Each structure stands twice: as structure tokens, then as C-alpha cells.
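It should be emphasised that the depicted structure is a prediction, and the values quoted were computed from it without experimental measurement. Letters A, B, ... mirror the listed sequences (proteins, then strands); counts begin at 1.
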Number of protein chains: 2
Amino acid sequence: MAVPSSSNELFTPAASPLFLREDEVRRGVELLYFGYTRLTRSVDELLVEHGFGRAHHRALYFIARQPDLPVNALLKILSITKQSLGRVLNDLSAKGLVETRAGEQDRRQKLLRLTESGLAFEAQLFETLRTGLSAAYAAAGQESVTGFWRVLEGLIPEDEKPMVMKLQGRGR
Amino acid sequence: MAVPSSSNELFTPAASPLFLREDEVRRGVELLYFGYTRLTRSVDELLVEHGFGRAHHRALYFIARQPDLPVNALLKILSITKQSLGRVLNDLSAKGLVETRAGEQDRRQKLLRLTESGLAFEAQLFETLRTGLSAAYAAAGQESVTGFWRVLEGLIPEDEKPMVMKLQGRGR
DNA sequence: AAGATGGGACAGCCATGTTGACGTATCTTG
DNA sequence: CAAGATACGTCAACATGGCTGTCCCATCTT
């Protein structure tokens, strides 16, 4: 009775940095959930007006980010099956937003890139993201922004970091 | 020709805090996407082993967070229809993880709470989240963590902030 | 007593993920 | 050069978790 059980966090509030207070973790989980969903919500509205869904946006986004991306690379970025991606890419090319060319060294590859109108649409979607995220950045201040980045980077497994860094043109 | 168009960002790199450099915004978008999905990925695995999906976790999570939550309050938190939530709640109570009581002031309400085994399961799921997020917190440092929180708070629309703050027992 | 509200249920649709099986073109290698 | 690996595509079937629309009951409010 006098001695709290060893699993009682109140007993050792700063015991280990890997065993933080529950409330701090719950706060992060909730902010991540609400922040993420609210940022994407505005984009979703724009998408449905054009008959697309979130999956189409993801493909558009990453193709815009890395023109001439081979299908396989996009599959790895999205971590979905080629069947799922296939549907999405078919929709996008049927509507003239995406086009493909054969790879030059390896002609089995199909390199994905956005058409003129694909670029325009992606830019429009991105503007929505920019508006939301810029406001949050500005309200929080530059120092908070780097903290924001640092924590999120820590959530990405080591073996996936190179892929993310490469997207951002930051070596590996 | 000599004067860049007003939409050219290179012309006014620090023009307005609401119009940040594209790369900074894209970096945030990507880290948010990968960070969020990677954090939830480990939980997903645990869930499918028990025959549940992400939707079940969300319900479990918020019921754990606010015992005796009325159905209507949970609907607002999740922003889904009552039909969608109904399915999830039926699954959870069929498996004995959630139970309901009639409200005391208003007996039309059903107050949701977790059973013993519901609490145990939610705790197990939460451990997975804690492990991932604690590691990221620890690697980034306390100052980064507050920045992380601040930016995410800025992504939540004003009219929804009270709901989120209330979850975290931080007044409104 | 009438209407509003909290909750539940049935039916059907859609988007987007999954497996599994196969086919074809091209590259790589013994 | 033949054999196998790889990149990509497609057909088919299924699961999850959103959605709309409709109707119902119990209870609270007026």
C-alpha cells in the first residue's frame, strides 16, 4: 500500500525518455489524428468535385514531386498493391492528367509524369494544403516548425527514411 | 521579363508568413503523411490479429479517453455517420469490449464505456502507440515536442479546438 | 398532446484496400 | 542463346469502412 506498484507512472515521472507520461503521448496521438484529418479534409472536398478520391491525390502528388517516376517507385512510396494503384492510374490517365513514357535504360519501365492539366490540378490541390499548413507554421513560429519536422522524422522507420529524404531532395 | 510575376515565390522569399516556400510546405505534408501512417501501421497489425480494423481502434480509443461518453459525442469526435459508427459499436459490444448504460439525466442517451477486457485491449494498443511516439519524442527532445504540438494545434479549425482540448482535460 | 432529440436498424452504394492467378515484354545471367 | 527474373498490366473476387435514405422507438421538452 505504501509503495506504488512498479507500473505506476506517477512513481517515476521522468524514469526513462522511452516511457513518457501517458498524457503526453495521448496528446500527440490526438493532435496527429485531428491535425492530419483536418488538413486533408479541405483537399478532399476539392477532389470529390472532380470525381476523384484521396488515392488519386496521393498518386498525383508524388508524381508531381518526382517527374518520370517509375511505377515501381511509386508503389514503394505508397505501400499499396499494384492492382490498387493500377485502378487509380487508369482513372488519372483516362482523364488526361497523367501520361507515361517507356524508360530509356530499361524499356520495361513506365515513367509517370503529369500532363499540363495534371500539373495545373495538382497545383490547385497543393494550394489548399499550403494555405492550411502555412497558417499553422506562421502561428507556431519557425522554431516550432523545426520541432514539428524532427518529431515526425522520428516516426519514420530507419529503413524508410532514405525514401522520404530523397523525395525532399535531401540526399539520404 | 525583367520583373518576375507576382506569383513567383523566388521574388519574395519571406514576403508573408502565410505564403511560405513551397518546399517547406511539401516537407511538412510528406512528413505528416509518412509519420501518421507509420505510427498507425504497427497498431493495424495488432488489430487485424483480433479481427478489428482502424475504425474499431478509434472508437475504443476515444471511449477509453472519456468513459461514459454519449454516442452523440463520439459521433462528433469521429465525424462519421451514426450508421458507420453503429456497425463498429456492434462489433465491439458483441466481442464484449464495450458496454452501455442509460444516461442519468437524459435516459435516451447511451453512455459508452469499456469493459475490463476492453480496457486491457485498449491498453495493449496504446502501448504500441506509446512505444513509437515516445521514441520519436526522445530523439527529438522536449523543445521539439512542444513545437510539434503547436503546429498541429494550428491545423485544427477554431470551432473544433474546444472538442480536442476537452479530450485532453485542458479546459477550452 | 405534439414535436424535437438520442439512438438503432435495414438496405444499398462507393472508394480503396487486399489475394491470387496469369500474360507479355524486356533485361540479366549461366 | 536459353532460362529465369523483373516491370507492368489485367481479370476476378472479397473486405473494410465510409456514405445516403428511410423508418422506428423511447424519451425529453414545450
**Study point:** Euclidean distance, atom CG of residue L85(A) to atom P of dT10(D) [Å, nearest integer]
**Key:** 11 Å

Practice item. For residues 85-94 of chain A, pull every pair meeting side chain to side chain donor-acceptor pair (under 3.5 Å), keeping only residues two or more places apart or in separate chains. Key: H56(A)-D91(A)

Quiz: residues 76-86 of chain B side-chain donor-acceptor pairs under 3.5 angstrom, not counting sequence neighbours:
unit_1	atom_1	unit_2	atom_2	d
S79(B)	OG	R38(A)	NH2	3.4
S79(B)	OG	R41(A)	NH2	3.4
T81(B)	OG1	S84(B)	N	3.4
T81(B)	OG1	S84(B)	OG	3.1

Point to revise | Those residues that, when tested against F126(B), pass ring pair (Phe, Tyr, Trp, His ring centres under 6.0 Å) (two or more places apart) | key: none

Check your understanding: Does the pair E158(B) and K161(B) meet the rule for a salt bridge (Lys or Arg N to Asp or Glu O under 4.0 Å), with working shown?
Key -> CA-CA 5 Å; E158(B) 280 311 316; K161(B) 276 185 190 168; 2.9 Å; yes

Point to revise | Side chain to side chain, P67(A) and L114(A), heavy atoms closer than 4.5 Å | key: no

Check your understanding: With sequence neighbours excluded, what pairs up with R113(A) under the salt bridge (charged side-chain N to carboxylate O under 4.0 Å, His left out) test?
Key -> D68(A)

Practice item. Measure from CG on L75(B) to C1' on dC19(D) and round the result to the nearest Å. Key: 14 Å

Can you pull every protein N or O that's under 3.5 Å from an N or O on nucleotides 8-14 of chain C?
unit_1	atom_1	unit_2	atom_2	d
dG8(C)	N7	K82(B)	NZ	3.0
dG8(C)	O6	K82(B)	NZ	2.5
dA9(C)	OP2	N90(B)	ND2	3.4

Check your understanding: Should H57(A) and V43(A) be marked as a side chain to side chain contact (heavy atoms under 4.5 Å, CB included) after you check the CA-CA gap, both sets of side-chain angles, and the distance that decides it?
Key -> CA-CA 9 Å; H57(A) 184 211; V43(A) 182; 3.5 Å; yes

Exercise for review: Check ring pair (Phe, Tyr, Trp, His ring centres under 6.0 Å) between Y61(B) and all other residues, then give those that pass, not counting sequence neighbours.
Suggested key: none

Please report, to 0.1 Å, the donor-acceptor pairs under 3.5 Å made by any side chain of residues 45-52 of chain B, with sequence neighbours excluded.
none

Between protein and nucleic acid, restricted to nucleotides 1-6 of chain D and to nitrogen or oxygen atoms under 3.5 Å apart, what atom pairs and distances do you find?
unit_1	atom_1	unit_2	atom_2	d
dT6(D)	O2	R108(A)	NH1	2.6

Practice item. Measure from CG on D106(A) to C1' on dA25(C) and round the result to the nearest Å. Key: 10 Å

Point to revise | Working for side chain to side chain contact (heavy atoms under 4.5 Å, CB included), residues S144(A) and T146(B) | key: CA-CA 7 Å; S144(A) 291; T146(B) 61; 5.9 Å; no

Exercise for review: For the helix from dA1(C)-dT30(D) to dG30(C)-dC1(D), figure out the bend between the end axes, five pairs an end, and round to 10 degrees.
Suggested key: 30°

**Study point:** Proximity to DNA chain C (any heavy atom under 4.0 Å), residues of residues 38-58 of chain B only
**Key:** none

Practice item. Measure the distance from CZ on R101(A) to C1' on dA7(D) and round it to the nearest whole Å. Key: 17 Å

**Study point:** For E99(B), side chain to side chain donor-acceptor pair (under 3.5 Å) partners two or more places apart
**Key:** none

Practice item. Only one of V151(A), I156(A), L155(A) passes side-chain contact (heavy atoms from CB on, under 4.5 Å) with L31(B); say which it is. Key: I156(A)

Point to revise | Between C1' of dA15(D) and CD1 of I80(A), the distance in whole Å | key: 16 Å

Revision key, fill the gap. Separation of dT16(D) atom C1' from L78(B) atom CG, nearest Å, is 16 Å

Revision key, fill the gap. Sorted by chain and residue number, the side chain to side chain donor-acceptor pair (under 3.5 Å) partners of S42(B) (sequence neighbours excluded) come out as none

Exercise for review: Could you state the atom-to-atom distance from CZ of R107(A) to C1' of dT28(C) in whole Å?
Suggested key: 15 Å

Review point. Within less than 4.0 Å of OP1 or OP2 of dG17(C), is there a side-chain N or O belonging to T81(A)?
Key: no

